[in-house]
Amino acid sequence: MDSCLKFSAFGRVNIATQLDEGYRLAVRRHNDEVSKNRHILNRLVQCVKFCGVFELALRGKDETEGSTNPGLFLGLVDLVAQLDEVFDEHLKNATVFKGTSKTVQNELLECMLAVVRERIVEEVKSANYVAIQADETTDVSTQTQLVLVLRYIDNNHAVNERFFEFLRVEDSTSTAIANVLLERLNSLFPDNKEKLIAQAYDGASVMRGQKAGVQQKVREQFKNAHYVHCYAHQLNLIMQQATSHVRKVKIFFSELSGIATFFSRSPKRTSILDQIVERRLPRASATRWNFNSRIVNTVSENLDDLVECFETIRTSPSFDEPTVREASGYVRMLQDEDFKFFLCLFHKIMPHVDILYLQLQKKDIDAVVIRQALQSFTSSVQAIRDSPEQQHQETTGAARPRRTALKNEEKQKVSKEICNTILDHTKERFSFTDHLVSATLLQQDMFATYSQSFPVRALDTTVKAYPMLNKAKLKTELSLIYEKSEFKGCCGALALYQVLVSYNLQEAFSETVALLQILITTPMTTAEAERCFSTLKRIKTFLRNSMGQERLNALAMLSMERELVLTMPDFQERVIDRFAALKERRAKFQYK
């Protein structure tokens, strides 16, 4: 008993000392002071978090000059002080630790970044499969930034795309990018490299190279990390090919983009546009075809108003000769028969491109849904190509046609050529080969066919791409799914996965669930990486271009993962504990 007593008291304060009334009083006073300090720090954490989440400037006391910048952070601190008497008293009387300095802000941001990363790493470790999205850009300070986004299914069976960090890259070569990326991936997956099952990039030659590209260098260490070329980028490439293949179409889009440019050069012209058309014309973009779709729809729906607008400019004495001359040219262009033909054709095609583009931007999109969306897109384009209305369309209008105007036979030929180009490139770029063949196994509209003739070749390709799957058990499970009418209403891999989970069938259909998790985890686009770049441009601006990499990552993490930050129940306490453990501080933050 004596030994047990000594062992339990080993390393602790002597029991007699603990029983002493003075010692207990000192501990109580210490804990009261800690409670007050942690309350003050909690208020500061809330202010920093608010500024970071809503991308507001963090500006505190400039320690080099000794002057105070009345920034948004200090304004927020003053507002909180008006609502909290303890915090207000601290700001007025504090001598040891006030907490509004730039150093404290950076330390709090560092702690917040560490806490959120720890949470993401915990979710990644618990996930069965993980995929990455990566893309690189040059920020305002001409530094190359590589963004890393992780995609996985969490314990609540929800699909997550988490921003992890911006990585500085010395140059844009495949070797430099791969080295930085592999260093981070090896730290995330030190013992289980098979967990990484996909890598998605924008399709640049540096990233997608089969021999020396980034994807190949990653696959040398992560065998299951299959490459996916972003489908949204491929859709842009398809439309670029379709519009540059035919010279008249190329001229049409060049003239179309000139309309928006004409009005953007002068507020006087824009004023007339607002009065007559009552709509602004969107600017065209060579890389995002949804912008081209907007201008096609706007011009098509407001064609007569635009003609009237240009006529007003042409006849108005307040405009100079070059403006009048340009307006006259646009009047003739808008009344031209060929222009109206192409405007009508693409006004029919573009809505289907928009629908597909919007589907490709969704976070919860999977390969099965994309395959079905592509079939719907190709069917719509084929219907436009074969439409008698499109083949024999006559243009209405009072203007006399030009001698060089296209005849009906030529219109039919050009229309078919454009549609065929879109269809051929769609089939070529969106072909489901190699690891993407696995999506065909769970295509809902094929279940009836598969129940009669099992897709053995697709199963073999799937198991070859993902050797962790049990082929025999997967075939048995899929055969049962194909025969049961209950599963034929599930549209997409995510819907089928949620049905199996809701009925607690994870063990009974273990291989199917694993295949579904792989399909859902595999990113088909890099839309989230593009959104990260938008946040980067808002955070690192011309006036704030010298911030360090850790501060940039912390602000970006608070902004892009704001939902995670705001829903973590113990976020404040974990940040305070980490802040207290950073270094020895005169202010007390740890309880006895």
Side-chain angles (χ1 to χ4, degrees), residues 236 239-351 353 390 393-411 413-415 417-418:
N236 286 326
M239 295 309 299
Q240 287 180 25
Q241 289 289 335
T243 54
S244 61
H245 183 68
V246 181
R247 179 169 177 78
K248 288 185 177 293
V249 177
K250 187 176 181 180
I251 295 173
F252 164 75
F253 276 99
S254 176
E255 293 174 339
L256 194 66
S257 63
I259 299 176
T261 306
F262 173 82
F263 287 105
S264 65
R265 290 176 180 171
S266 168
K268 193 175 178 181
R269 304 175 188 175
T270 305
S271 177
I272 295 180
L273 180 69
D274 293 339
Q275 293 174 12
I276 299 177
V277 183
E278 297 181 352
R279 281 189 67 178
R280 296 289 180 91
L281 296 173
R283 301 290 294 272
S285 172
T287 57
R288 293 187 179 274
W289 270 90
N290 56 329
F291 289 99
N292 296 69
S293 177
R294 292 176 190 174
I295 190 170
V296 167
N297 294 335
T298 303
V299 173
S300 178
E301 294 167 3
N302 302 274
L303 185 62
D304 294 335
D305 291 337
L306 282 171
V307 172
E308 181 184 351
C309 181
F310 283 116
E311 287 282 7
T312 304
I313 294 175
R314 186 172 67 171
T315 57
S316 174
S318 60
F319 287 97
D320 56 12
E321 292 184 1
T323 302
V324 173
R325 186 165 55 249
E326 287 186 57
S328 301
Y330 282 117
V331 169
R332 288 191 293 271
M333 182 190 78
L334 293 174
Q335 294 176 342
D336 182 68
E337 184 179 353
D338 292 352
F339 182 87
K340 289 184 177 181
F341 164 73
F342 286 118
L343 186 65
C344 180
L345 174 62
F346 281 99
H347 185 56
K348 293 181 179 180
I349 294 175
M350 286 303 185
V353 178
Q390 184 61 45
Q393 179 187 4
E394 293 289 346
T395 307
T396 59
R400 186 176 60 185
R402 300 178 305 171
R403 293 181 181 178
T404 57
L406 294 172
K407 299 179 180 179
N408 286 334
E409 295 77 8
E410 294 175 317
K411 290 178 182 178
K413 181 180 178 181
V414 171
S415 175
E417 185 177 2
I418 293 170

Measuring from [X]:[atom1] to [Y]:[atom2], what's the distance to the nearest 0.5 Å?
X	Y	atom1	atom2	answer
S300	M350	OG	CE	11.5 Å
D320	R325	CG	CZ	8.5 Å
S271	F263	OG	CZ	11.0 Å
L273	S264	CG	OG	10.5 Å
L345	K411	CG	NZ	11.0 Å
M333	I251	CE	CD1	12.5 Å

Checklist entry - Distance-only, no hydrogens or angles: does the S254 side chain make a donor-acceptor pair with backbone N or O of K250 under 3.5 Å? => result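 Between the backbone of K250 and the side chain of S254 there is no qualifying donor-acceptor contact (under 3.5 Å).
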
Checklist entry - Should L256 and F339 be marked as a side chain to side chain contact (heavy atoms under 4.5 Å, CB included) after you check the CA-CA gap, both sets of side-chain angles, and the distance that decides it? => result CA-CA 9 Å; L256 194 66; F339 182 87; 3.8 Å; yes

Minimum heavy-atom separation for [X] and [Y], please, with both atom names.
X	Y	answer
E278	Q275	CG-O, 3.9 Å
C309	I272	SG-CG2, 3.7 Å
Q335	K340	CA-CE, 3.9 Å
L343	L303	CD2-CD1, 4.3 Å

Next on the checklist: For a side chain to side chain contact (heavy atoms under 4.5 Å, CB included) check, start with the C-alpha distance between K248 and V414, then their side-chain angles and the critical distance, and finish with the verdict.
Outcome noted: CA-CA 9 Å; K248 288 185 177 293; V414 171; 5.5 Å; no

Next on the checklist: Please verify the inter-ring angle class for F346 with F252; under 30° counts as parallel, over 60° as perpendicular, anything in between as tilted.
Outcome noted: parallel

Item to check | Summary of salt bridge (Lys or Arg N to Asp or Glu O under 4.0 Å) pairs that have at least one residue in residues 303-319, sequence neighbours excluded | outcome: E311-R314

Next on the checklist: Apply side chain to side chain contact (heavy atoms under 4.5 Å, CB included) to residues I418 and T243 and explain how you reach the verdict.
Outcome noted: CA-CA 8 Å; I418 293 170; T243 54; over 6 Å; no

Next on the checklist: Checking Y330 now: which residues fulfil ring-ring contact (aromatic ring centres under 6.0 Å, His included) with it, not counting sequence neighbours?
Outcome noted: F262, F310

Next on the checklist: Can you confirm if the NZ or CZ of K268 lies within 45° of the ring axis of F319 and under 6.0 Å from the centre of its six-membered ring?
Outcome noted: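 Because its charged atom sits under 6.0 Å from the ring centre and within 45° of the axis, K268 does stack over F319.
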
Item to check | Pairing of R280 and D274 as salt bridge, 4.0 angstrom limit | outcome: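 Between D274 and R280 there is a salt bridge, with a charged N closer than 4.0 Å to a carboxylate O.
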
Item to check | Chi angles and distances behind the side chain to side chain contact (heavy atoms under 4.5 Å, CB included) call for L306, L281 | outcome: CA-CA 10 Å; L306 282 171; L281 296 173; 4.2 Å; yes

Checklist outcome for this item: Sorted by chain and residue number, the salt bridge (charged side-chain N to carboxylate O under 4.0 Å, His left out) partners of R269 (sequence neighbours excluded) come out as none

Item to check | Heavy-atom side-chain proximity of V299 to L334 below 4.5 angstrom | outcome: yes

